[in-house]
Amino acid sequence: MNKTLRTMLIGFFFFVGIQLSLSTDSHAFTDRELAKGTKGDDVIELQARLQYIGFFKGKIDGNFGYQTYWALREFQEKYGMPIDGIAGSKTKKKLTSVSSYDKKFVMDNINSGKEFTHYGGKPLSSQVKGGTGGTTVKKTNTQVPPKYSEDDVKLIANAVYGESRGEPYEGQVAVAAVILNRIENPDFPNTVGGVIFQPGAFTAVSDGQIWLTPNDRAKEAVIDAMNGWDPSENAIYYFNPVTATSKWIWSRPQIKKIGMHIFCN
Amino acid sequence: MKKIVFLAVFAIVSLSAYSYTTATQNKDLQNALSVQYAKNISDASSKLQELDVAVKKTLLFDEGQGDLEAREDIWRLSSDIQQSVASLPLDQQFSTMWMNYLGRLGKFSKEGDERTDATEFHKVMDRASQNIESLSDQWSIATADMASGNLSMTEWQERLDGEKATFDWKGLSASIQQYTESDFPLTASESDALKKKELKHIKDPKVTKEEALSKFKKLFPDVSNQVIDTTDSKPGAAYPFYHIRFADQDSIGYIDITQKGGHILSFLTERPAGGGTMELESVRKRVETFLKDSGYTDVVYEEVRENDTAFHFVYTRVEPMHKAKVLSDTIQIKAAKEDGRILGLNAAEYIRKEQLKDQPMIKINWGTFFHNNVKVNNQELVYVENEHGIQRLAYSLTVTLEENGEIGTYIVLVDTETKDVIRTEKQA
């Protein structure tokens, strides 16, 4: 009798525990709708929950891309919901009720740059794959057009900061645009690194200022340029008329002046 | 007194040791760099000779495998030499000219079979062969000292800068420019592309500065009260425009407006970012109302990317003939996450409005077109520029493929008439 009662009590507390943990989860998401193109901690939670129940097999990074989109659609289809690939309140509620999310585990691993997964039914400690913790650079979850990478953003931001940190924002976007214009131009190397480290191409490379840590402003300037803004109006060169030593650069057709720089073709 | 002498001697000895170590380190670094550059020069030289042979080989054949291999060699070698040239500290004008020549040679060789008849191809390659031979000779002379390691970086730099010039780099640049013009004059489609860039097809009348300013104030009343100045573009600009700078309360930015027709090229403002994030759908509605009110009524939503303080939206023009999206005619909008305010508008591509032609559409069986584990998820019509710079009507397919347990997504653009795959893009 005692044994039966004990088993029932354990079962009861286990059930209550599960329910409590799930009901806490239901308030975890923010209120906003999550669609392709969004990013943030709520997207991290969405990916982690979809992975917990086996729909999402990609990397949990907080960027709502195609991997997340297809996984969400599959989830919606399986649970008989309207299939639109958007995580609205109903989808999030359903997802919360059928999955679990260990926020601390996920965020700790993301912040320490470790590779990990978040599948249910498998000890989470065995799902951490690599990284040294603390020494790995944290990814910043930048969303740029598919032809560019986050490393491209970092490198161009270094160049923009080293070359033009004292310039107006427009001038910083223009410097980033010149780098991107060169990649598309057959007269220059066709990679970000190739263009930036072409000998003699940028003063910041020659004097080492490219290795200064860029600020958020320089990074945003690069993101704007990658998204299409080009205040230089298609320039492939620029120079500071006060410090320029090359006579040849003065022979280039000039387009406009922004801050201390003249932009030209 | 003894102590002072000791300290002075100690300081001198320490300083000398430090200077010696630094000088040795600098010399080591310079040597390492010189070796690296010498290697790249040597690579470029030997590949230039290989290129010369490959060009000559194409003169042997009219068609067939031999011709194909030689063309592939030219394309590969010109690309390799471009990489070596790009990594060398050379005269900037020379470097630019040479990269241009090599790029054109490679492209001509790769695409020659589709665009040029055999006689014309032979004529061009014959000229190119002579020019490359001459170029190869001059390159060997110019780089002899550097390639043999007899020159320090400083001495090399001085030669480039003209202070102790022993070689006429400017003359060599002029020769290459001549070769480019004679061997690979601009093709019709490239000329078209340049015309497009110059916005020459805009026939609208010129607007005054006041009219441009008035347009700015109408579209962006929140930030246009304090204009710093309005200047004309410089004479070298491919298309004339007004450059308006403003600083209104906490917003600082610019707007460029074409002088022909007063079209907005781009607008961008910077302001301190506040907290909070508006619902994406609400921001999108604000953006679309702005577009409609601003007269951009023929565009449809394409995609959005969220970043730290702003959403970046992309809209694409839809042509009336097939209701196809014109991928080259896009508008980008940057909207603040906190309140949905328009922080940027880029319509430089949109106002160029591509010239489109109707085109037959054949039915394609995607089941046999793709491998059997590829799934076609979506299909729509688009106009897209092919490798010859011509706008083609194409099927735009969103396809997925399982890749090591993950789902890979690709956009594949297929010509509706020729079934050629114009572009395949991996999606994030």
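Every chain is numbered from 1 and lettered A, B, ... according to where its sequence line falls, protein lines coming before strand lines. For clarity, every value in this text was computed on a predicted model and none was experimentally measured. The analysis underlying the following values was restricted to heavy atoms, covering all of them including side chains, and did not include hydrogens, waters or symmetry mates.
- For A/Phe202, the ring pair (Phe, Tyr, Trp, His ring centres under 6.0 Å) criterion is met by no residue, not counting sequence neighbours.
- Neither the backbone nor the side chain of A/Lys247 comes within contact range of chain B; no heavy atoms are under 4.5 Å apart.
- Among A/Pro231, A/Ser251, A/Pro146, the residue with the largest count of heavy-atom pairs under 4.5 Å with chain B is A/Pro231.
- Residue B/Ser282: no heavy atom, backbone or side chain, is found under 4.5 Å from chain A.
- Between A/Asp84 and A/Arg73 there is no salt bridge, since no side-chain nitrogen of the basic residue lies less than 4.0 Å from a carboxylate oxygen of the acidic one.
- Chosen from A/Asp230, A/Asp216, A/Asn227, A/Ile249, the residue pairing most often with chain B at heavy-atom distances under 4.5 Å is A/Asn227.
- By the 30° and 60° cut-offs, the orientation of the rings of A/Phe263 relative to A/Tyr238 is tilted.
- Interface residue B/Phe241: only side-chain heavy atoms are found under 4.5 Å from chain A.
- Of the atoms belonging to B/Glu406, heavy atoms from both backbone and side chain fall under 4.5 Å from chain A.
- B/Thr231 does not touch chain A: none of its heavy atoms, backbone or side chain, sits under 4.5 Å away.
- No hydrogens or angles considered: a donor-acceptor pair under 3.5 Å links the side chains of A/Asp42 and A/Thr30.
- Inspection of non-hydrogen atoms places A/Pro186, A/Asp187, A/Phe188, A/Pro189 of residues 186-195 of chain A under 4.5 Å from chain B.
- For B/Gln93, the parts lying near chain A are the backbone and the side chain together; criterion is any non-hydrogen pair under 4.5 Å.
- Of the possible donor and acceptor atoms, none in the side chain of A/Asn265 sits under 3.5 Å from a partner among the backbone N and O of A/Ala235.
- A salt bridge links A/Glu184 with A/Lys147: the distance from a Lys NZ or Arg NE/NH1/NH2 to an Asp or Glu carboxylate oxygen falls below 4.0 Å.
- Taking B/Ile252, B/Leu343, B/Thr269, B/Asn377 one by one and counting their heavy-atom pairs under 4.5 Å with chain A, the maximum is reached by B/Asn377.
- Across A/Met226, A/Glu150, A/Lys39, a single residue satisfies side-chain contact (heavy atoms from CB on, under 4.5 Å) together with A/Gln143, and that is A/Lys39.
- Using a 4.0 Å cut-off between charged side-chain N and carboxylate O, B/Arg423 and B/Glu425 make a salt bridge.
- Neither the backbone nor the side chain of B/Leu102 comes within contact range of chain A, judged by heavy atoms closer than 4.5 Å.
- In terms of heavy-atom pairs under 4.5 Å with chain A, the best-connected choice from B/Gly103, B/Pro235, B/Gly405, B/Gly106 is B/Gly405.
- When heavy atoms are compared at a cutoff of 4.5 Å, B/Thr400 approaches chain A solely by way of its side chain, counted from C-beta outward.
- Distance alone, capped at 3.5 Å, places no donor-acceptor pair between the B/Glu338 side chain and the B/Thr309 backbone.
- Only the side chain of A/Arg217 comes within less than 4.5 Å of a heavy atom of chain B; its backbone N, CA, C and O stay farther away.
- Per-residue heavy-atom pair counts under 4.5 Å with chain B were compared for A/Gly65, A/Ala71, A/Gly228, and the maximum is reached by A/Gly228.
- The six-membered or imidazole ring of A/Trp70 lies away from that of A/Phe56, with a centre-to-centre distance of 6.0 Å or more.
- The part of B/Leu280 that comes within reach of chain A is its side chain, from C-beta onward, which places non-hydrogen atoms under 4.5 angstrom from that chain.
- B/Ile333 touches chain A through its backbone: at least one of N, CA, C or O sits under 4.5 Å from a heavy atom, while the side chain does not.
- Chain A forms the most heavy-atom pairs under 4.5 Å with one residue out of B/Lys234, B/Gln82, B/Glu349, B/Met278, and that residue is B/Lys234.
- Residue contact with chain B, scored on non-hydrogen atoms closer than 4.5 Å, involves the side chain of A/Trp248 exclusively.
- Of all the listed residues (B/Gln427, B/Arg305, B/Met99), the one sharing the greatest number of non-hydrogen pairs under 4.5 Å with chain A is B/Arg305.
- Salt bridge present: B/Lys334 and A/Asp224 bring a charged side-chain N and a carboxylate O closer than 4.0 Å.
- Taking A/Ala201, A/Pro168, A/Ala35, A/Gly58 one by one and counting their heavy-atom pairs under 4.5 Å with chain B, the maximum is reached by A/Gly58.
- For B/Lys426, the NZ atom sits in a packed shell: over 12 heavy atoms of surrounding residues, nucleotides or ligands are nearer than 6.0 Å.
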Would A/Tyr148 and A/Thr142 count as a side chain to side chain donor-acceptor pair (under 3.5 Å) here? Give the steps.
CA-CA 10 Å; A/Tyr148 303 114; A/Thr142 308; over 6 Å; no

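- Checked by atom type and distance alone, the side chain of A/Glu170 never pairs as donor or acceptor with a backbone atom of B/Glu270 at under 3.5 Å.
- Between B/Tyr315 and B/Tyr301, the ring planes lie perpendicular to each other; the angle is over 60°, past the 30° to 60° tilted range.
- In terms of heavy-atom pairs under 4.5 angstrom with chain B, the leader among A/Gln198, A/Arg252, A/Lys256 is A/Lys256.
- Exactly one residue among B/Thr230, B/Asp256, B/Asp229 makes a side-chain contact (heavy atoms from CB on, under 4.5 Å) with B/Ile244. That residue is B/Thr230.
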